[in-house]
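Notes follow once the structure below has been shown.
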Amino acid sequence: MMEKVLRRFFRYDHFRTGQQEIIESVLSGQDTLAILPTGGGKSICYQLPSYLQPEGLTLILSPLLSLIEDQVMQIKQRGERSVAKLTSLETREQKEQVLHQLPRLRYLYLSPEQLAVPQVKQRLADVKINLFVVDEAHCISQWGHEFRTDYAKLGHVRRQLGNPPCLALTATATKRVEQDIVEGLLLQQPNRIRHSVNRPEIQLIVDQAEQDDKDRLLEAWLKKVERPCVIYTTTRREAERIAQQITNAAYYHAGLEAEDRQLIQQQFLYDEIDCLVCTSAFGMGVNKGNVRTVIHYTMPATIEAYMQEIGRAGRDGKPSTAILLYAPGDQRLQHFLLEKQYAPSLWIDQVVEGRRRHESFETMEHRLGLDPDDPAYRLLKVQLMDGKSRSDIIDWQEARKKIRLRELMQMINYIQNTLCRRAFILHHFDETAVVQDRCCDLCGNLTEDKPIIQTEDDQLNWKRRLEEVFFSSRHSV
DNA sequence: CGCTTACTACTTACGTAGTAAGCGGTGCTGTAAT
């Protein structure tokens with residue numbers, strides 16, 4: 001039966017690994033958390049069940065407008081017309097029309113922010129929702145706490161919509177991320193379907209250097225590795241600077257116009273450019289099979305982010321390479337960026353005091369010179385509007401910073417690890433290490449399944465090392 | 001916080017040291033009312 005639907009509506013003869021299991025779980029009405037390798041055909045997992053149900057809507061929450069556009073287009077291309085999207089790109093009339101069509105609609109794509117709009121929520125509450133899908137569900141953990149807080153509220157919204165079954169999909173999730181997803185979506189005894197996050201086709205290399213040698217090192221690696229190649233940097237300026245030094249390269253970051261971003265992504269996709277230098281803005285939803293190399297000029301803030309980013313290599317399954325360049329002190333920028341997300345206690349005090357005097361946020365913004373677009377200030381505002389007190393917020397900030405510094409430490413541990421890079425990463429994702437060829441710079445093809453490095457239970461050591469890494473310049477004796 | 005850039009001061013001939021200012025990621029968004 002399922003194969004028949006697969007052939008008829010999706011024109012595939014067979015399911016790929018994991019798809020069937022997820023679909024069965026979805027059809028059983030259970031909450032499902034699925035960790036599938038990238039490019040594993042995730043969309044079929046939530047699109048197919050709809051054809052086996054007599055009526056009802058499939059709601060798909062997606063993090064990027066561009067992703068929503070792509071998905072809707074792909075569905076239409078396969079001949080399904082009962083699909084719509086609800087984003088800020090639609091006009092008021094279009095939105096109204098979509099909300100009017102709801103009872104007859106099969107798929108609705110929207111951003112998490114749209115679900116915070118009262119009218120959207122109300123109209124959706126009147127409709128039968130078969131499935132509540134959260135695509136790229138790691139965003140709940142990655143963005144939900146600080147940056148896009150509507151992600152953290154999806155569970156409550158789901159309750160308000162009659163608690164339809166939920167399917168959360170992602171490619172990479174540690175236990176912590178999994179926990180964030182379960183809590184954020186209020187999943188009830190979810191069926192957890194896990195596939196290994198290991199990407200055996202990608203060999204892992206870390207190259208440590210002095211800051212001044214990095215450009216030369218990058219140049220040397222570029223002579224050795226195959227293209228197409230993605231180079232990740234932390235800052236936009238660095239992405240632009242490095243792109244200039246490389247032939248047939250372009251840069252990509254969030255400071256570009258949406259049109260330019262799309263154009264460059266397309267050029268890279270069609271091999272007109274074979275080297276893309278970018279910030280973390282690049283990658284989500286990019287389906288390019290032949291990326292041979294991912295180089296990190298500077299490290300990301302977490303191992304999960306690192307896995308997401310190197311995961312863009314070798315989707316065609318052919319041998320690929322991930323290289324991370326590290327110079328002492330590289331973590332400081334990540335540390336700064338992390339700190340910058342939280343309001344300084346001065347702001348908290350000032351704004352709490354202003355509210356006590358019934359001053360509006362707008363007035364305070366003027367009086368105190370606060371930028372209403374600053375994410376840290378916006379987060380503070382959300383928390384205060386949610387009824388949080390000064391001490392709630394301070395305690396929460398402390399707890400979050402501690403978690404995130406620890407994640408950053410894990411990234412450093414990966415770099416300074418001396419056993420096996422792959423084993424370290426798999427261990428981080430609570431998987432057992434595997435032995436394989438083309439493994440990493442530390443073990444080559446001689447991988448052994450050994451106990452790996454310290455983990456969270458190494459409390460004392462952790463604190464000491466944290467001080468060493470972040471404060472050594474000031475506190476050295 | 002730490003790195004880079006811009007400017008100033010002082011010295012002494014076009015250069016250098018010292019200080020101040022600026023910068024550093026990710027994306028969504030009913031936006032009320034004249």
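Computed over heavy atoms, backbone and side chain alike; hydrogens, waters and symmetry mates excluded. Throughout, a chain's letter reflects where its sequence line sits, starting with A, and its residues are numbered from 1.
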Between protein and nucleic acid, restricted to nucleotides 25-27 of chain B and to nitrogen or oxygen atoms under 3.5 Å apart, what atom pairs and distances do you find?
{"from": "dG25(B)", "atom 1": "OP1", "to": "R236(A)", "atom 2": "N", "distance (Å)": "3.0"}
{"from": "dG25(B)", "atom 1": "O5'", "to": "T234(A)", "atom 2": "O", "distance (Å)": "3.3"}
{"from": "dG25(B)", "atom 1": "O6", "to": "L337(A)", "atom 2": "O", "distance (Å)": "2.5"}
{"from": "dT26(B)", "atom 1": "OP1", "to": "A254(A)", "atom 2": "N", "distance (Å)": "3.1"}
{"from": "dT26(B)", "atom 1": "OP1", "to": "T279(A)", "atom 2": "OG1", "distance (Å)": "2.3"}
{"from": "dT26(B)", "atom 1": "OP2", "to": "R236(A)", "atom 2": "NE", "distance (Å)": "2.9"}
{"from": "dT26(B)", "atom 1": "OP2", "to": "R236(A)", "atom 2": "NH2", "distance (Å)": "2.8"}
{"from": "dT26(B)", "atom 1": "O2", "to": "W143(A)", "atom 2": "NE1", "distance (Å)": "2.9"}
{"from": "dT26(B)", "atom 1": "O4", "to": "Q341(A)", "atom 2": "NE2", "distance (Å)": "3.1"}
{"from": "dG27(B)", "atom 1": "OP1", "to": "R261(A)", "atom 2": "NH2", "distance (Å)": "3.2"}

(request) Starting from C1' on dC28(B), measure out to CD on E69(A) and report it in whole angstrom. (result) 14 Å
(message) Please report the distance separating the P of dT19(B) from the corresponding atom of dA13(B), rounded so that it comes out in whole Å.
(response) 23 Å
(message) Test of understanding: with side chain to side chain donor-acceptor pair (under 3.5 Å), list the residues that count as partners of E178(A), not counting sequence neighbours.
(response) R192(A), R194(A)
(request) Take atom P in dT26(B) and the same atom in dA6(B), then report the distance between them in whole Å. (result) 23 Å
List, with names and distances, any nitrogen or oxygen atoms from the protein found under 3.5 Å away from nitrogen or oxygen atoms belonging to nucleotides 32-34 of chain B.
none

Can you list, pair by pair, the side-chain donor-acceptor contacts under 3.5 Å of residues 291-307 of chain A, counting residues two or more places apart and other chains?
{"from": "R292(A)", "atom 1": "NE", "to": "P319(A)", "atom 2": "O", "distance (Å)": "3.0"}
{"from": "R292(A)", "atom 1": "NH1", "to": "D316(A)", "atom 2": "OD2", "distance (Å)": "3.0"}
{"from": "R292(A)", "atom 1": "NH2", "to": "D316(A)", "atom 2": "OD1", "distance (Å)": "2.8"}
{"from": "R292(A)", "atom 1": "NH2", "to": "K318(A)", "atom 2": "O", "distance (Å)": "3.1"}
{"from": "R292(A)", "atom 1": "NH2", "to": "S320(A)", "atom 2": "OG", "distance (Å)": "3.0"}
{"from": "T293(A)", "atom 1": "OG1", "to": "E226(A)", "atom 2": "O", "distance (Å)": "2.7"}
{"from": "H296(A)", "atom 1": "NE2", "to": "E309(A)", "atom 2": "OE1", "distance (Å)": "2.7"}
{"from": "Y297(A)", "atom 1": "OH", "to": "D215(A)", "atom 2": "OD1", "distance (Å)": "2.4"}
{"from": "Y297(A)", "atom 1": "OH", "to": "R241(A)", "atom 2": "NH2", "distance (Å)": "3.3"}
{"from": "T298(A)", "atom 1": "OG1", "to": "T234(A)", "atom 2": "N", "distance (Å)": "2.9"}
{"from": "T298(A)", "atom 1": "OG1", "to": "T234(A)", "atom 2": "OG1", "distance (Å)": "2.7"}
{"from": "T302(A)", "atom 1": "OG1", "to": "A305(A)", "atom 2": "N", "distance (Å)": "2.9"}
{"from": "E304(A)", "atom 1": "OE1", "to": "H428(A)", "atom 2": "NE2", "distance (Å)": "3.3"}
{"from": "E304(A)", "atom 1": "OE2", "to": "T174(A)", "atom 2": "OG1", "distance (Å)": "3.3"}

(message) Measuring from atom CD1 of I246(A) to atom CG of L218(A), what distance do you get when rounded to the nearest 0.5 angstrom?
(response) 5.0 Å
(message) Using atom P in both nucleotides, what's the gap between dT16(B) and dT12(B) to the nearest angstrom?
(response) 13 Å
(message) Under a 3.5 Å cutoff, is there a donor and acceptor pairing between the side chains of Y326(A) and Q331(A)?
(response) yes
(request) For dA9(B) and dC14(B), measure between their C1' atoms and round to the nearest Å. (result) 15 Å
(message) Less than 3.5 Å apart, any donor N or O on the side chain of E146(A) or Y342(A) sitting next to an acceptor on the other?
(response) yes
(request) Would you tell me if any nitrogen or oxygen in the side chain of S111(A) comes within less than 4.0 Å of OP1 or OP2 on dT29(B)? (result) yes
(message) For D180(A), is there any backbone N or O sitting under 3.5 Å from a side-chain donor or acceptor partner on E183(A)?
(response) no
(request) May I have the distance from Q211(A) (atom CD) to dG2(B) (atom C1'), rounded to whole angstrom? (result) 11 Å
(request) Spell out, as yes or no, whether a donor-acceptor pair under 3.5 Å connects the side chain of R227(A) to the backbone of L222(A). (result) no
(message) Taking the P atom in each of dT8(B) and dC28(B), what is the distance between them to the nearest angstrom?
(response) 42 Å
(request) Starting from C1' on dG30(B), measure out to CG on L89(A) and report it in whole angstrom. (result) 15 Å
(request) Among residues two or more places apart or on two chains, list those pairs meeting side chain to side chain donor-acceptor pair (under 3.5 Å) that have a residue in residues 258-269 of chain A. (result) Y252(A)-R261(A)
(message) Checking one value: the base orientation of dG22(B), syn if chi is within 90 degrees of 0, otherwise anti.
(response) anti
(message) If I take atom OH in residue Y109(A) and atom P in nucleotide dC28(B), what distance separates them, rounded to the nearest angstrom?
(response) 16 Å
(request) Take atom P in dT4(B) and the same atom in dG25(B), then report the distance between them in whole Å. (result) 15 Å
(message) Under 3.5 Å for both pairing distances: what stems, at least three Watson-Crick or G-U pairs long, include DNA chain B?
(response) B:1-10 with B:15-24
(message) Measure CD/E136(A) against C1'/dC28(B) and give the value in whole Å, please.
(response) 16 Å
(message) Check this for me: R81(A), atom CZ, are more than 12 non-hydrogen atoms of other residues, nucleotides or ligands nearer than 6.0 Å?
(response) no
(request) Work out which heavy atom in V98(A) is nearest to a heavy atom in L108(A); give both atom names and the distance. (result) CG1-CD1, 3.8 Å
(message) I'd like the P distance from dT11(B) over to dC7(B), given in whole Å.
(response) 23 Å
(request) Salt-bridge test for R123(A) and E96(A): reply yes if a basic N is under 4.0 Å from a carboxylate O, no otherwise. (result) yes
(request) Round to the nearest Å and state the distance from Q114(A) atom CD to dT31(B) atom C1'. (result) 13 Å
(request) For this output row, return yes or no: ring centroids of Y251(A) and H253(A) closer than 6.0 angstrom. (result) yes
(request) Let me know the distance between CD of E362(A) and P of dT31(B), rounded to the nearest Å. (result) 13 Å
(request) Could you tell me the separation between the CZ atom of R332(A) and the C1' atom of dC23(B), rounded to a whole number of Å? (result) 17 Å
